[in-house]
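What's counted below: heavy atoms across the whole structure, side chains too, no hydrogens, waters or symmetry copies. Lettering of chains follows the sequences in order, A, B, ..., and the numbering in each one begins at 1.
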Amino acid sequence: MTTSKIRVRFAPSPTGPLHIGGVRTALFNYLFAKHNGGDFLLRIEDTDQSRYVPGAEAYIMEALDWCGIKIDEGPREGGPHAPYRQSERKELYSKYAQDLIDSGHAYYAFDTAEELDALRNLAESKGETFTYNNATRTGLNNSLTLPGNVCESLLYSGAPHVVRFKMPENLVVEETDIIRGHVQFNTDQLDDKVLFKSDGMPTYHLANVVDDHLMEITHVIRGEEWLPSVPLHILLYRAFGWESTMPQFSHLPLILKPVGKGKLSKRDGDQLGFPVFPLAWKDPETGDVSRGYREDGYLPDGFINMLSLLGWNPGTEQEIFSMEQLIDSFTLDRVGKSGSRFDPEKTKWFNHQYLIRHSDEELAGLFLPYLDSKGVKVPFPLVVRVTGLVKERCHFVNEIWDQGFFFFQAPESYDEKIVSKRWKDGVPEMMAEIAGFFANLHIWIAPEIKEPFSQFVTEKGWNFGTIMNSLRLCLVGGSYGPDIFDICEIIGQAETIERIEKAVHKLR
RNA sequence: GGUCUGUUCAUCUAAGGGUUAGGAUUCAAGAUUUUCAUUCUUGCCAUAGGGGUUCGAAUCCCCUACAGACUACCA
């Protein structure tokens, strides 16, 4: 253990949009770094050219930006260990692969992918599993079995080859994972992993270890799916002679799908009607669009708050956390070990909590694009006022429209259920009288409408409930919305009267 | 199949040997809102099963079951 500055990295591969599991991994890395006054780096692991997806890298950065996760060093930000894109560090890795061959920790292998596939199929047909390891490597085409001169001439002639790690025999590799505690593996169960591919690129395992070392990463915080490769990574650090500065490992529990079995996947969102991505994503090949939390009207701080509580808890009963508070409270020892099922309902609840905490101005600003898309152009102060009136009844920014569209345009239809319930005999006549009454009012602000109106209704001996509900139907087209007199005030005297007359006319 | 990891209300989780097993979401009921939503109150609901260790186990150990991850020249 060194006493150097805490440094962590989020190292996604740009094979598509980040999903919420990835965002959570990034978040926990970020929170851990900031809690300890350390650095958070973004490193793009694009060593598999065949899986490269255009736009994915930009997506990842935009998603982190939206979430409020700030990158200290990365491809865009630069930094002392640039470049931060593994494809741009390509030359570096072959040197390290060579070091391992020279020290006897790795070897060249000339077996083709087809040959290995055939071996796997053969083993499978016999109910066995083929593994490239100490038991089989002596019977395969590699620098351990081939005569030195044959091997050299193969390399010289440019024969395709990979570099494999020579997994030691019967060695117990132990490690203390910050989240999981003591874990151990026997190397006899492991295979000779490819470190360097025939296309000249390193695999994840090599690149990851080399870069983490070079970038002075102190803690590796990643998903549980990486736990099985921990022994390989430890052995690599040892082989390089870097064990004394090896990062500490933490393996985060998985995020499971809301219903059914297994970890959350892209498909779940489409089927169950909630986003699995922070931002909407358009697949460049198929053109399919997947929805995103941002586009669905979620607020980033609520989204982050929800994610933070998936697998982590503060040990207190506090549930609402700003990013600053999260940084303050976050420690890895309060991260659980078991997988968390994702709950879209609670996500909605969080969003509502954040929605009502946001200022009317801020929310109105976020709502503006939705208004635009409806072709509505109104003064901003009006949008602010309406937002303030309806935000408590919304879970999402876009619901401000559903809850308040009638402030901006007259209802075009009337909810039939409400019509049959409220539009009884005599009601049209009462409404017509009310329109006349409104026309004679001189002051048009909510309390000054309510007061005389109540008097008027009382004098007439009408049923207040019937009147209010029917009036609401006239003004908004249904049985929803905030206080009626607020609505009257905002839409104005003339419009109020007009809507009543229109309803009387149309609902005859 | 093998290796590894996990298992507390429907869901997220608290309780690091001693509590009526706590909170939150969902759901249900009531109150408020002469609408709807919000809000408030109340309620329902859990230690996977079996063995140990212990005066005492959700907590420590073992077995079983179930679940998951990994098992590629992918990350």
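Picking from B/rG6, B/rG2, B/rA15 the nucleotide with the shortest atom distance to the side chain of A/Q189 gives B/rG2. Side chain of A/N313, nearest nucleotide from B/rA14, B/rU25, B/rU5: B/rA14. Residue A/S338 has its side chain nearest to B/rG6 when only B/rG6, B/rG22, B/rU11 are considered.
Rounded to a whole angstrom, the distance from the C1' atom of B/rA29 to that of B/rA67 is 36 Å. Between B/rC44 and B/rU26, the distance separating the two C1' atoms is 12 Å to the nearest Å. Distance check on atom C1': B/rC4 versus B/rG43 gives 43 Å, rounded to whole Å. As rounded to the nearest Å, B/rU42 and B/rA24 have P atoms that lie 10 Å from one another. B/rC63 and B/rC55 have their P atoms separated by 24 Å, given to the nearest Å. To the nearest whole angstrom, the two P atoms, one in B/rG18 and one in B/rC60, are 12 Å apart. The gap from the C1' atom of B/rU54 to that of B/rC61 amounts to 12 Å, rounded to the nearest Å. Taking atom C1' in both B/rA69 and B/rC73, the straight-line distance is 22 Å, to the nearest Å.
Judged purely by atom type and a 3.5 angstrom limit, A/D177 has no side-chain atom pairing as donor or acceptor with the backbone of A/H182.
Base pairing analysis places B/rA10 opposite B/rU25; the two distances defining the Watson-Crick or G-U wobble pair are each below 3.5 Å. For B/rA15, there is no paired nucleotide, since no Watson-Crick or G-U wobble pair has both relevant distances below 3.5 Å. B/rU20 makes up no base pair with any nucleotide shown, lacking Watson-Crick or G-U wobble contacts both under 3.5 Å. Across all strands shown, nothing is found opposite B/rU54 as a Watson-Crick or G-U wobble partner with both distances under 3.5 Å. Base-pair partner of B/rA67: B/rU5 (Watson-Crick or G-U wobble, both distances under 3.5 Å).
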Task: Protein-to-nucleotide contact annotation, 5' to 3' order, nucleotides 37-48 of chain B [B base; S sugar-phosphate only; - none; under 4.0 Å, heavy atom] - done: BSS---------
Task: nucleotides 70-75 of chain B: protein proximity per nucleotide (B base, S sugar-phosphate only, - neither; heavy atom, under 4.0 Å) - done: S-SBBB
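Of the charged side-chain nitrogens involved, at least one lies within less than 4.0 Å of a carboxylate oxygen, so that A/R43 and A/E45 count as a salt-bridged pair. A salt bridge is absent between A/K166 and A/D192; no separation between the charged side-chain nitrogens and carboxylate oxygens falls under 4.0 Å. Between A/K193 and A/D191 a salt bridge is recorded (basic side-chain N to carboxylate O distance below 4.0 Å).
The environment of CD in A/E412 is sparse: at most 12 heavy-atom neighbours from other residues, nucleotides or ligands sit within 6.0 Å. For CD of A/E124, the number of neighbouring non-hydrogen atoms (other residues, nucleotides, ligands) closer than 6.0 Å is 12 at most.
Residue A/E319 contributes atom CD, which lies 17 Å from atom P of B/rU11 at whole-angstrom precision. The NZ atom of A/K257 sits 15 Å away from the P atom of B/rC12 (whole-angstrom rounding). Atom CG of A/D268 is separated from atom C1' of B/rG68 by 14 Å (rounded to the nearest Å). Atom CG of A/N170 and atom P of B/rU3 are 14 Å apart (whole Å). Taking atom CG of residue A/D333 and atom P of nucleotide B/rG16, one finds them 14 Å apart after rounding to whole Å. A/M306 has its CE atom 15 Å from the C1' atom of B/rA24, to the nearest Å. Between the CZ atom of A/F185 and the P atom of B/rA69 there is a distance of 16 Å, rounded to whole Å. What separates CG of A/L254 from P of B/rC12 is a distance of 13 Å, to the nearest Å.
Here A/G481 lies in heavy-atom contact (under 4.0 Å) with a base. Looking at heavy-atom distances under 4.0 Å, A/R222 makes no contact with the nucleic acid at all. Residue-level contact check: A/V476 touches neither bases nor backbone, having no heavy atom under 4.0 Å from any strand. Within 4.0 Å of A/P258, counting heavy atoms only, lies no atom of the nucleic acid at all.
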Nucleotide N/O of nucleotides 27-30 of chain B paired with protein N/O under 3.5 Å:
none

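No donor-acceptor contact under 3.5 angstrom links the side chains of A/N133 and A/T131, judged on distance only.
Between A/L227 and A/G262, it is A/L227 whose nearest contact on RNA chain B lies nearer the 5' terminus. Comparing A/L190 and A/N469, the nucleotide of RNA chain B nearest to each residue sits closer to the 5' end for A/L190.
Considering only residues two or more places apart in sequence or on other chains, A/K257 meets the salt bridge (charged side-chain N to carboxylate O under 4.0 Å, His left out) condition with A/D268. Every residue two or more places apart in sequence or in another chain was checked for a salt bridge (charged side-chain N to carboxylate O under 4.0 Å, His left out) with A/D415, and none qualifies.
Taking the six-membered ring for Trp and thresholds of 30 and 60 degrees, A/H233 and A/H205 have ring planes inclined between 30 and 60 degrees apart.
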Task: A/D111 vs A/Y132, side-chain hydrogen bond (donor to acceptor under 3.5 Å, both in side chains): CA-CA, chis, key distance, verdict - done: CA-CA 11 Å; A/D111 319 273; A/Y132 207 122; 2.6 Å; yes
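The closest side-chain heavy-atom distance from A/W462 to A/I434 is below 4.5 Å.
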Got a list of side-chain donor-acceptor pairs under 3.5 Å for residues 91-101 of chain A, not counting sequence neighbours?
{"from": "A/Y93", "atom 1": "OH", "to": "A/D211", "atom 2": "OD1", "distance (Å)": "3.2"}
{"from": "A/Y93", "atom 1": "OH", "to": "A/D211", "atom 2": "OD2", "distance (Å)": "2.6"}
{"from": "A/S94", "atom 1": "OG", "to": "A/E91", "atom 2": "O", "distance (Å)": "3.0"}
{"from": "A/Q98", "atom 1": "OE1", "to": "A/Y108", "atom 2": "OH", "distance (Å)": "3.2"}
{"from": "A/Q98", "atom 1": "NE2", "to": "A/D102", "atom 2": "OD1", "distance (Å)": "3.0"}

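Both tests hold for A/R24 against A/F28: distance to the six-membered ring centre under 6.0 Å, angle to the ring axis within 45°.
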